[in-house]
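Okay, so here's the structure we're looking at.
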Amino acid sequence: TMAIQDLIILSYHQFNDEEQNYAFSRTYKQFQNDLNTKDFDWITIDDGHRSIIKACKMMEDKNFRAKIFISTALIGQPDYLTWDEVWLLSRKHDIENHSHEHIKLTEVEQDVIHENLKRASAEIFHHTGRMPRYFVPPWNQSNVYIDVISKELGMQIIKNRTDIKNDSR
């Protein structure tokens with residue numbers, strides 16, 4: 001079996017009709033091109049921005065499944081998914097843990113890390129019926145405590161993804 005560090009992962013955050021200055025944004029046209037031309041094992045999308053609904057439909061049309069890493073405190077906020085939308089997406093994609101609050105976990109105490117990961121997993125399970133199996137720390141920043149706590153909570157941590165804008169593949 002392939003180790004996660006050997007996977008080619010295309011990582012996204014949000015999508016737009018027109019190009020944006022935001023470094024983690026792709027147009028839907030660019031995304032369609034990525035789906036058609038790039039080699040990948042996984043597609044990950046972080047945060048839970050509402051713009052991913054259309055991108056997920058584009059993937060479903062090609063029978064692709066994404067791993068959607070949500071920060072559960074953002075769900076229901078302006079421009080973010082609702083829990084009903086998360087549930088619908090969870091029927092065709094994997095909803096994964098991106099912490100409850102989108103904070104720099106490397107800058108907080110271990111109990112805050114534990115509570116953020118545990119709460120996000122509990123909310124995802126409550127709203128989708130499935131426990132997350134993977135965790136991506138906000139801003140991809142991790143330390144030994146985050147690694148240990150995510151493992152204790154039954155999740156494999158995903159690190160060192162290359163955001164699509166910086167990826168030459």
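Computation of the quantities below employed the complete heavy-atom set of this structure, encompassing side-chain atoms and omitting hydrogens, waters and symmetry-equivalent molecules. Since the structure is predicted, the reported quantities are computational estimates derived from the model, not experimental observations.
Panel note: side chain D46, backbone F69; no donor-acceptor pair is recorded below 3.5 Å. Not a single donor-acceptor pair under 3.5 Å links the side chain of E96 to the backbone N or O of K67. Put simply, the side chain of D41 gets close to the backbone of I8: a donor and an acceptor are under 3.5 Å apart. At distances below 3.5 Å, not a single donor-acceptor pair connects side-chain atoms of E107 with backbone N or O atoms of K104. Side-chain atoms of E101 do not come within 3.5 Å of backbone N or O of S99 as any donor-acceptor pair. Here the side chain of S150 pairs a donor or acceptor atom with the backbone of D147 at under 3.5 angstrom. H93 places a side-chain N or O within 3.5 Å of a backbone atom of A66 that can act as its donor or acceptor partner.
The hydrophobic cluster containing L81 also contains W83, counting ILVMFWY residues as joined when their side-chain heavy atoms lie under 4.5 angstrom apart, directly or transitively. In terms of hydrophobic clustering, with Ile, Leu, Val, Met, Phe, Trp and Tyr side chains grouped at heavy-atom distances under 4.5 Å, L10 and I53 are assigned to a common cluster. Under the 4.5 Å side-chain heavy-atom criterion for ILVMFWY residues, no single connected hydrophobic cluster contains both I70 and F125. Hydrophobic clustering (ILVMFWY, side-chain heavy atoms < 4.5 Å, transitive): I45 and L35 are in one cluster. Under a hydrophobic clustering in which Ile, Leu, Val, Met, Phe, Trp and Tyr are joined whenever their side-chain heavy atoms come within less than 4.5 Å, directly or via other members, I95 and M131 fall into different clusters.
Atom CE of residue M155 and atom NZ of residue K151 lie 13.0 Å apart, to the nearest 0.5 angstrom. We find the CG-CG distance between N116 and L153 to be 11.0 Å, quoted to the nearest 0.5 Å. To the nearest 0.5 Å, atoms CD1 (I43) and CE (M59) are separated by 5.0 Å. With values rounded to the nearest 0.5 angstrom, D34 atom CG is found 9.0 Å from M58 atom CE. Between the CD1 atom in I9 and the CZ atom in F40 there is a gap of 12.0 Å [rounded to 0.5 Å]. Atom CD1 of I113 sits about 4.5 Å away from atom CD1 of I146, to the nearest 0.5 Å.
In the displayed structure, Y134 atom OH is contacted under 6.0 Å by more than 12 heavy atoms of other residues, nucleotides or ligands. Environment of CG in N63: sparse, with no more than 12 heavy atoms of neighbouring residues, nucleotides or ligands closer than 6.0 Å.
Heavy atoms only, all atoms of each residue included: I68 and I52 are closest at CG2-CD1, 3.7 Å. Nearest heavy-atom pair, H102 versus L74, reported as atom, atom and distance to 0.1 Å: CB-CD1, 4.3 Å. Listed here is the closest heavy atom pair of S71 and H98: OG-O, 2.9 Å. Taking all atoms of both residues into account, the shortest heavy-atom contact from D17 to Y28 is OD1-CD1, 3.3 Å. In this structure, P137 and F135 approach most closely via the heavy-atom pair CA-CZ, 3.5 Å. Heavy-atom minimum distance, R91 versus T128: NH2-O, 2.8 Å.
In this structure, H13 and F24 have tilted ring planes: the angle between them lies in the 30° to 60° band.
A donor-acceptor pair shorter than 3.5 Å cannot be found between the side chains of E152 and H114. With 3.5 Å as the limit, one finds no donor-acceptor pair spanning the side chains of N33 and K38. Using modelled atom types and a 3.5 Å distance limit, the side chains of N16 and T27 yield no donor-acceptor pair. With hydrogens and angles left out, the side-chain atoms of D79 and H49 include no donor and acceptor closer than 3.5 Å. Side chain to side chain, T106 and N143 fail the donor-acceptor criterion of an N or O pair below 3.5 Å.
Under the ring pair (Phe, Tyr, Trp, His ring centres under 6.0 Å) criterion, F31 pairs with Y12, F15, not counting sequence neighbours. Not a single salt bridge (Lys or Arg N to Asp or Glu O under 4.0 Å) links R133 to another residue, sequence neighbours left out.
Taking 4.5 Å as the limit, some side-chain heavy atom of L117 sits within range of a side-chain heavy atom of L105. Counting heavy atoms from C-beta on, the side chains of E60 and R65 never come closer than 4.5 Å.
Aromatic ring centroids of W42 and F64 lie 6.0 Å or more apart.
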Please report the C-alpha distance between K62 and Q32 in whole Å, then the side-chain angles of each, then the deciding distance to 0.1 Å, and finally whether the side-chain contact (heavy atoms from CB on, under 4.5 Å) criterion is met.
CA-CA 10 Å; K62 295 177 114 1; Q32 186 67 59; 3.8 Å; yes

With side-chain contact (heavy atoms from CB on, under 4.5 Å) as the criterion, how do E85 and T82 come out once you've worked through the C-alpha distance, each side chain's angles and the decisive distance to 0.1 Å?
CA-CA 5 Å; E85 291 164 336; T82 66; 3.3 Å; yes

